[in-house]
Amino acid sequence: MSVQVSQDFHQVVKERHSVRYYDPSVKMTRAELEEILHEATLAPSSSNLQPWRFLVIEDQALKEKLLPIAFNQKQVVDASAVIAVFGDLKWYERGEQIYSASVDAGYMTEEVKQQFVGTAENVYRNMDEARKKSIVHIDGGLVSMQLMLSARARGYDTVPMGGFDGVKFKEAFNVPEHYENIMLIAIGKAAQPGRPTVRLPLDQIVSWNEL
């Protein structure tokens, strides 16, 4: 399937809606999913340590296995895939790999790299668990939103899902203990358009210079 990528950011943002009814006959290719995931990972993260991890569930039998864990939300089995987004609570252990690649690319000096590696090892490693979870949830939210916009730019639809049994999900899909559940994202082609929604006016949610 050839997918036209939209270059109009404003159109993409306005057309993105949470879609819960999908055409089960539409199967996305692995290449398409990889392109979307790659664009998603261009999102910012704390110290560029990229704590996000993904499990792409495209096999129909596995989607059926997920269905009761996700409280029988039909999009789980009808969408082309369900992408589980996690935050790796040991994300700082990738610091040496990430920053060495930055040195090789000419983006930072060896001296700066050592400073960043030191921060990753000494600051993040010794944080309390609540702070670690807060960081991976923030970064997981950023990458998830970028994933959904990338999908929309390619004409695909998504819906983020927090409604699932996290404990059962980890057990059923052998998720490592140090992976924090962020959300599930169903992705595919809408069988019905997402329901229009309204947003609060800016004067109710925005303050300028002081609250």
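In this chain, residues are counted from 1 in sequence order. All values below come from the heavy atoms of this structure, side chains included, with hydrogens, waters and symmetry mates left out.
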Visitor: Measuring from S144:OG to D139:CG, what's the distance to the nearest 0.5 Å?
Guide: 10.5 Å
Visitor: I need the Q73 CD to D78 CG distance, nearest 0.5 Å.
Guide: 12.0 Å
Visitor: Quick one: pull up OH in Y92 and CG in N122 and give me the separation to the nearest 0.5 Å.
Guide: 11.5 Å
Visitor: I need the minimum non-hydrogen distance between L149 and V12, along with the two atoms involved.
Guide: O-CG1, 3.5 Å
Visitor: Determine whether more than 12 heavy atoms belonging to other residues, nucleotides or ligands lie under 6.0 Å from atom CD of E110.
Guide: yes
Visitor: Does OH in Y21 sit with more than 12 non-hydrogen atoms of other residues, nucleotides or ligands closer than 6.0 Å?
Guide: no
Visitor: Are L184 and Y22 connected in a single hydrophobic cluster, I mean Ile/Leu/Val/Met/Phe/Trp/Tyr linked by side-chain heavy atoms less than 4.5 Å apart?
Guide: yes
Visitor: Do Y156 and E32 have side-chain heavy atoms sitting under 4.5 Å apart?
Guide: yes
Visitor: Would I69 and I57 show up in the same hydrophobic cluster when neighbours are defined by side-chain heavy atoms closer than 4.5 Å?
Guide: yes
Visitor: Answer yes or no: does atom CZ of F71 have more than 12 heavy-atom neighbours from other residues, nucleotides or ligands under 6.0 Å?
Guide: yes
Visitor: Could you go through the side chain to side chain contact (heavy atoms under 4.5 Å, CB included) check for E93 and H178 one step at a time?
Guide: CA-CA 12 Å; E93 293 181 353; H178 60 281; over 6 Å; no
Visitor: Let me confirm one number: the CZ-CD1 distance from F54 to I83, rounded to the nearest 0.5 Å.
Guide: 7.5 Å
Visitor: Does the side chain of R94 come within less than 4.5 Å of Q50's, by heavy atoms?
Guide: no
Visitor: Might you work through the side chain to side chain donor-acceptor pair (under 3.5 Å) test for R199 and T197, ending with a clear yes or no?
Guide: CA-CA 7 Å; R199 294 295 186 269; T197 56; 2.8 Å; yes
Visitor: Tell me whether the count of non-hydrogen atoms from other residues, nucleotides or ligands lying under 6.0 Å of CD in Q204 goes above 12.
Guide: yes
Visitor: Under a single-linkage definition using a 4.5 Å side-chain heavy-atom cutoff for Ile, Leu, Val, Met, Phe, Trp and Tyr, are W208 and L211 assigned to the same hydrophobic cluster?
Guide: no
Visitor: Is the ring centre of F86 less than 6.0 Å from the ring centre of Y179?
Guide: yes
Visitor: Applying a strict under-4.5 Å side-chain criterion to I, L, V, M, F, W and Y, I'd like to know whether W52 and L37 cluster together.
Guide: yes
Visitor: Can you name the nearest heavy-atom pair linking K132 to Y124, along with the distance?
Guide: CE-O, 3.2 Å
Visitor: What is the minimum heavy-atom distance between V26 and K189, and which atoms define it?
Guide: CG1-CG, 3.6 Å
Visitor: Got a sec: does the NZ of K65 have more than 12 other heavy atoms crowding it under 6.0 Å?
Guide: yes
Visitor: So that I can tick it off, tell me whether K113 and E96 are bridged by a salt bridge, with the cut-off set at under 4.0 angstrom between side-chain N and carboxylate O.
Guide: yes
Visitor: With side chain to side chain donor-acceptor pair (under 3.5 Å) as the test, pick out the partner of D157 among Q192, Q75, R152.
Guide: R152
Visitor: Apply the test side chain to side chain contact (heavy atoms under 4.5 Å, CB included) to residues Y99 and V103: give CA-CA distance (whole Å), side-chain angles for both, the deciding distance (0.1 Å), then the verdict.
Guide: CA-CA 6 Å; Y99 300 139; V103 172; 5.7 Å; no
Visitor: Report the distance from atom CG of D128 to atom NZ of K133, rounding to the nearest 0.5 Å.
Guide: 10.5 Å
Visitor: Decide yes or no for E35 and H38: does some side-chain heavy atom of the first lie under 4.5 Å from some side-chain heavy atom of the second?
Guide: no
Visitor: Hydrophobic cluster membership, with links at side-chain heavy-atom distances under 4.5 Å among I/L/V/M/F/W/Y: are V198 and V13 in one?
Guide: no
Visitor: Any side-chain heavy-atom pair from S46 and I138 closer than 4.5 angstrom?
Guide: no
Visitor: Evaluate the side-chain proximity of I182 to V143: yes if any heavy-atom separation is below 4.5 Å, no if none is.
Guide: no
Visitor: Check each of L67, L66, N72 against V77 using the side chain to side chain contact (heavy atoms under 4.5 Å, CB included) test, and report the only one that passes.
Guide: L67
Visitor: Any idea which heavy atoms bring P160 and M183 closest together, and the distance?
Guide: CB-SD, 3.8 Å
Visitor: Step by step, work out the side chain to side chain contact (heavy atoms under 4.5 Å, CB included) result for L49 and I135.
Guide: CA-CA 11 Å; L49 284 170; I135 289 173; over 6 Å; no
Visitor: How far apart are the closest heavy atoms of K63 and V76, and which atoms are they?
Guide: CD-O, 3.2 Å
Visitor: Using side chain to side chain contact (heavy atoms under 4.5 Å, CB included), reason through L33 and E58 one step at a time and then give a plain yes or no.
Guide: CA-CA 10 Å; L33 290 165; E58 55 184 346; 4.1 Å; yes
Visitor: Might you point out which heavy atoms bring S18 and V159 nearest each other, and give the distance in Å?
Guide: CB-CG2, 3.8 Å
Visitor: Quick one: OG on S47 to CZ on F116, what's the gap to the nearest 0.5 Å?
Guide: 6.5 Å
Visitor: Indicate yes or no: does K168 engage E171 in a salt bridge with an N to O separation below 4.0 Å.
Guide: no
Visitor: Mind checking whether L62 and F173 have side chains closer than 4.5 Å, heavy atoms only?
Guide: yes
